[in-house]
Amino acid sequence: MATFKAIRIDKADKGTTATLAQFDEAELMDGDVTVRVEWSTLNYKDGLALTGKAPVVRRFPMIAGIDFAGTVEASSHPAWKAGDKVVCTGWGMGETHLGAYAEKARVQGDWLVALPQGLSARDAMAIGTAGFTAMLSVLALEKQSVSPKSGPVVVTGAAGGVGSVAIAVLSKLGYHVIASTGRASEADYLKEIGAAEVIDRNELSGAAKPLAKERWAGGVDSVGSTTLANLLSMTKYGGAIAACGLAAGMDLPSSVAPFILRGVCLLGIDSVMCPIEPRKAAWQRLASDLDRTKLSEITHEISLDDVSEWGAKILAGQVRGRIVVKIV
């Protein structure tokens with residue numbers, strides 16, 4: 001195909017515009033693997049890029065979308081050949097490199113992971129960057145020796161993509177999961193996917209004390225700001241919180257008290273530039289530790305035509321779980 005459908009972001013007089021347009025294959029950026037994209041997904045960062053609410057996109061024109069699953073069409077990379085099923089998340093796609101909301105993508109072969117056995121391309125994008133980030137968070141907690149025997153774990157932004165996958169995985173692994181949400185109407189949903197308790201996010205939204213009553217041994221936080229500060233102040237001695245998001249802000253109005261008086265660890269989680277071996281390990285664990293029935297329950301499917309509308313919805317907190325985008 002000389003041209004293909006893509007969500008194109010352009011610079012405008014006021015901000016940016018995102019439109020479904022025809023993109024010339026000759027305009028694809030350098031890479032040693034060309035992939036026919038079959039499925040993508042919608043993450044919070046995609047919403048920021050599509051709406052222009054944050055300066056996520058750093059070159060124009062840009063094809064939006066930070067992750068895809070598809071089939072290799074052509075490759076000069078020794079690890080990949082035509083017909084291989086692959087997954088790609090992060091690496092600056094949709095930010096500095098033309099992204100995934102398109103029928104075709106050209107990327108570096110070193111960015112790709114083989115589609116894990118037992119997962120379909122749709123499953124992989126139902127997981128997507130959000131689910132991959134959730135699993136990196138779980139692996140970090142395990143590395144810090146936070147086990148089901150350590151005590152409860154808390155998940156903030158629980159009804160979102162990272163939160164939903166984190167709850168499903170942690171509960172399957174035997175953890176007692178406390179889900180924090182601002183959407184009381186989602187309590188039944190959160191319990192269905194594995195939460196043992198559901199708390200109102202207002203319990204974590206006030207000014208944090210240096211130390212508060214110990215409530216959990218670990219946590220996965222995609223919210224940041226005062227929520228993360230409160231999580232840290234309420235973490236048990238020797239516990240750990242994996243921080244992977246900033247939905248409430250980039251600030252952290254905390255103190256050193258949890259770290260130097262309780263030995264609490266703050267674990268930073270980055271999914272964009274994560275090295276390839278941890279990526280492979282996380283995807284293999286997702287294939288084994290994420291219940292497919294629960295994955296289906298948390299997933300909603302849209303088309304490429306619907307992406308811009310849903311990008312606004314995810315920023316408004318109107319999206320539950322994961323969104324998969326059918327490309328072809």
Side-chain angles (χ1 to χ4, degrees), residues 44 130-131 133-183 187 190-191 193-271 278 282 285 289:
Y44 192 84
T133 303
M135 180 52 81
L136 289 176
S137 300
V138 172
L139 292 172
L141 291 174
E142 289 180 344
K143 188 175 181 180
Q144 203 59 37
S145 300
V146 178
S147 71
K149 293 180 180 178
S150 304
V153 291
V154 62
V155 176
T156 63
V162 174
S164 293
V165 175
I167 290 169
V169 170
L170 287 164
S171 64
K172 184 175 180 182
L173 293 172
Y175 290 86
H176 179 100
V177 181
I178 301 171
S180 167
T181 182
R183 295 181 260 175
L190 293 170
K191 289 181 177 177
I193 63 173
E197 302 176 48
V198 179
I199 63 172
D200 192 303
R201 69 180 178 199
N202 288 334
E203 293 185 33
L204 305 172
S205 62
K209 297 177 181 178
L211 291 175
K213 182 181 177 182
E214 297 182 29
R215 298 179 64 176
W216 32 71
V220 176
D221 176 59
S222 59
V223 178
S225 191
T226 54
T227 295
L228 179 53
N230 276 290
L231 289 189
L232 291 167
S233 74
M234 299 175 186
T235 300
K236 293 183 176 184
Y237 191 93
I241 301 294
C244 60
L246 44 63
M250 291 185 70
D251 61 318
L252 181 55
S254 184
S255 75
V256 299
F259 311 125
I260 66 173
L261 297 177
R262 286 186 182 159
V264 170
C265 288
L266 177 57
L267 311 174
I269 306 300
D270 168 58
S271 63
R285 284 289 299 273
D289 293 345

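Owing to the predicted nature of the structure, the values given are computational and were not obtained by experimental measurement.
- Listed for the D251 side chain is no donor-acceptor partner under 3.5 Å among the backbone atoms of P253.
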Check the pair R215 / E197 against salt bridge (charged side-chain N to carboxylate O under 4.0 Å, His left out), numbers first and verdict last.
CA-CA 12 Å; R215 298 179 64 176; E197 302 176 48; over 6 Å; no
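- Within a 6.0 Å radius of CZ in R201, no more than 12 heavy atoms belonging to other residues, nucleotides or ligands are found.
- The side chain to side chain contact (heavy atoms under 4.5 Å, CB included) test with L232 is passed by exactly one of P258, P210, S255: P258.
- With T156 contributing its side chain and S222 its backbone, the two residues share a donor-acceptor pair below 3.5 Å.
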Tell me, with the steps shown, if M234 and L204 meet side-chain contact (heavy atoms from CB on, under 4.5 Å).
CA-CA 10 Å; M234 299 175 186; L204 305 172; 3.8 Å; yes
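- Side-chain atoms of S233 come within 3.5 Å of backbone atoms of N230 as a donor-acceptor pair (strictly under, hydrogens ignored).
- Applying the salt bridge (Lys or Arg N to Asp or Glu O under 4.0 Å) test to residues at least two apart or on different chains, none of the pairs has a partner in residues 220-235.
- Within 6.0 Å of atom CZ in F259, more than 12 heavy atoms from other residues, nucleotides or ligands are found, so the atom counts as buried in its surroundings.
- Put simply, the residue from V162, V223, D270 that forms a side chain to side chain contact (heavy atoms under 4.5 Å, CB included) with C244 is V162.
- Under the side chain to side chain contact (heavy atoms under 4.5 Å, CB included) test applied with V155, the options I178, I167, L190 reduce to a single match, I167.
- Between S180 atom OG and L231 atom CG the span is 7.5 Å, to the nearest 0.5 Å.
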